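Note that the numbering runs from 1 along the sequence shown for the chain. Note that the structure is predicted; figures quoted are calculated from it, not measured.
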Amino acid sequence: MTFTWQEVRKLALALPEVEESTSYRAPCFRVAGKAFAGVSRHEGAIWARCDREEKPFLVASNPAAYRQTPHFERSLTHLLIWLEHASDQDVRERLEDAWAIQAPKRLLPKP
């Protein structure tokens, strides 16, 4: 299944205290005022915050879904996600992880 922006939007807005916004005039999602995911300038892709140590493993695990452009290769904390190659689980997990990176601690699940 290829995700659409509307499906990504629905998943992102289901996370606690998320609001729609813009970043560089493109739609994005914020929690506590911090952007965590949004529409990429590359058609068919979104970007999401990621853990700098996890990024190389994510890219290696699914090079088609996480193919990086030179701009994103230089960004240690942002991941490019190509929706036509990403599974439902990929998109959902990347959005949840990106949200957790930016969310205030009070919103995070207790261990």
Side-chain angles (χ1 to χ4, degrees):
M1 167 182 147
T2 299
F3 263 83
T4 65
W5 174 249
Q6 290 305 317
E7 292 162 327
V8 170
R9 183 178 178 271
K10 183 177 177 181
L11 288 173
L13 291 174
L15 296 166
E17 297 188 25
V18 169
E19 54 189 40
E20 273 186 284
S21 185
T22 58
S23 178
Y24 301 101
R25 296 185 294 215
C28 75
F29 303 105
R30 296 179 186 272
V31 59
K34 297 177 182 177
F36 68 90
V39 172
S40 170
R41 66 180 178 212
H42 303 289
E43 190 169 335
I46 63 170
W47 61 267
R49 285 294 306 253
C50 67
D51 179 273
R52 71 178 57 237
E53 294 176 8
E54 187 179 16
K55 182 177 177 176
F57 298 106
L58 289 170
V59 172
S61 75
N62 190 341
Y66 304 125
R67 179 172 42 96
Q68 303 300 287
T69 63
H71 173 79
F72 279 88
E73 286 173 354
R74 289 187 301 272
S75 175
L76 301 177
T77 59
H78 289 81
L79 184 68
L80 198 55
I81 305 162
W82 297 87
L83 296 176
E84 87 177 282
H85 299 290
S87 71
D88 172 48
Q89 182 177 348
D90 289 328
V91 174
R92 186 178 308 274
E93 287 179 3
R94 297 300 68 81
L95 288 174
E96 289 171 355
D97 289 350
W99 173 87
I101 288 168
Q102 297 293 64
K105 293 196 185 312
R106 67 178 170 76
L107 295 178
L108 300 177
K110 304 289 186 247

Could you tell me which non-hydrogen atom of [X] sits nearest to which non-hydrogen atom of [Y], and how far apart they are?
{"X": "Ala86", "Y": "Val91", "answer": "CB-CG2, 3.8 Å"}
{"X": "Cys28", "Y": "Arg30", "answer": "SG-NE, 4.0 Å"}
{"X": "Leu95", "Y": "Ala37", "answer": "CD2-CB, 3.6 Å"}
{"X": "Tyr66", "Y": "Leu58", "answer": "CD1-O, 3.0 Å"}
{"X": "Ala98", "Y": "Arg49", "answer": "CB-O, 3.3 Å"}

Using the test ring-ring contact (aromatic ring centres under 6.0 Å, His included), find all partners of Phe29 that sit at least two apart in sequence or belong to another chain. Trp5
Drop me the distance from [X]'s [atom1] to [Y]'s [atom2], to the nearest 0.5 angstrom.
{"X": "Glu93", "Y": "Ser87", "atom1": "CD", "atom2": "OG", "result": "7.5 Å"}
{"X": "Glu96", "Y": "Phe36", "atom1": "CD", "atom2": "CZ", "result": "10.0 Å"}
{"X": "Arg25", "Y": "Arg41", "atom1": "CZ", "atom2": "CZ", "result": "12.5 Å"}

Does any non-hydrogen side-chain atom of Val39 lie less than 4.5 Å from one of Ser23? no
Heavy-atom distance under 4.5 Å between the side chains of Glu17 and Arg106, does that happen here? yes
Residues in salt bridge (Lys or Arg N to Asp or Glu O under 4.0 Å) contact with [X], at least two apart in sequence or another chain:
{"X": "Arg9", "answer": "Glu20"}
{"X": "Asp97", "answer": "Arg94"}
{"X": "Arg92", "answer": "Asp88"}

Is there a donor-acceptor pair closer than 3.5 Å between any side-chain N or O of Trp99 and the backbone N or O of Pro16? yes
Ignoring hydrogens and angles, tell me if any N or O in the side chain of Gln102 forms a donor-acceptor pair with the backbone of Ala35 under 3.5 Å. yes
How would you list, by chain and number, every residue that makes a side-chain contact (heavy atoms from CB on, under 4.5 Å) with Asp51, sequence neighbours excluded? Glu53, Glu54
For a quick test of your reading: what N or O donor-acceptor pairs under 3.5 Å do the side chains of residues 72-83 make, sequence neighbours left out?
residue	atom	partner	partner atom	Å
Arg74	NH1	Pro70	O	3.4
Ser75	OG	His78	N	3.4
Ser75	OG	His78	ND1	3.1
Trp82	NE1	Arg67	O	2.7

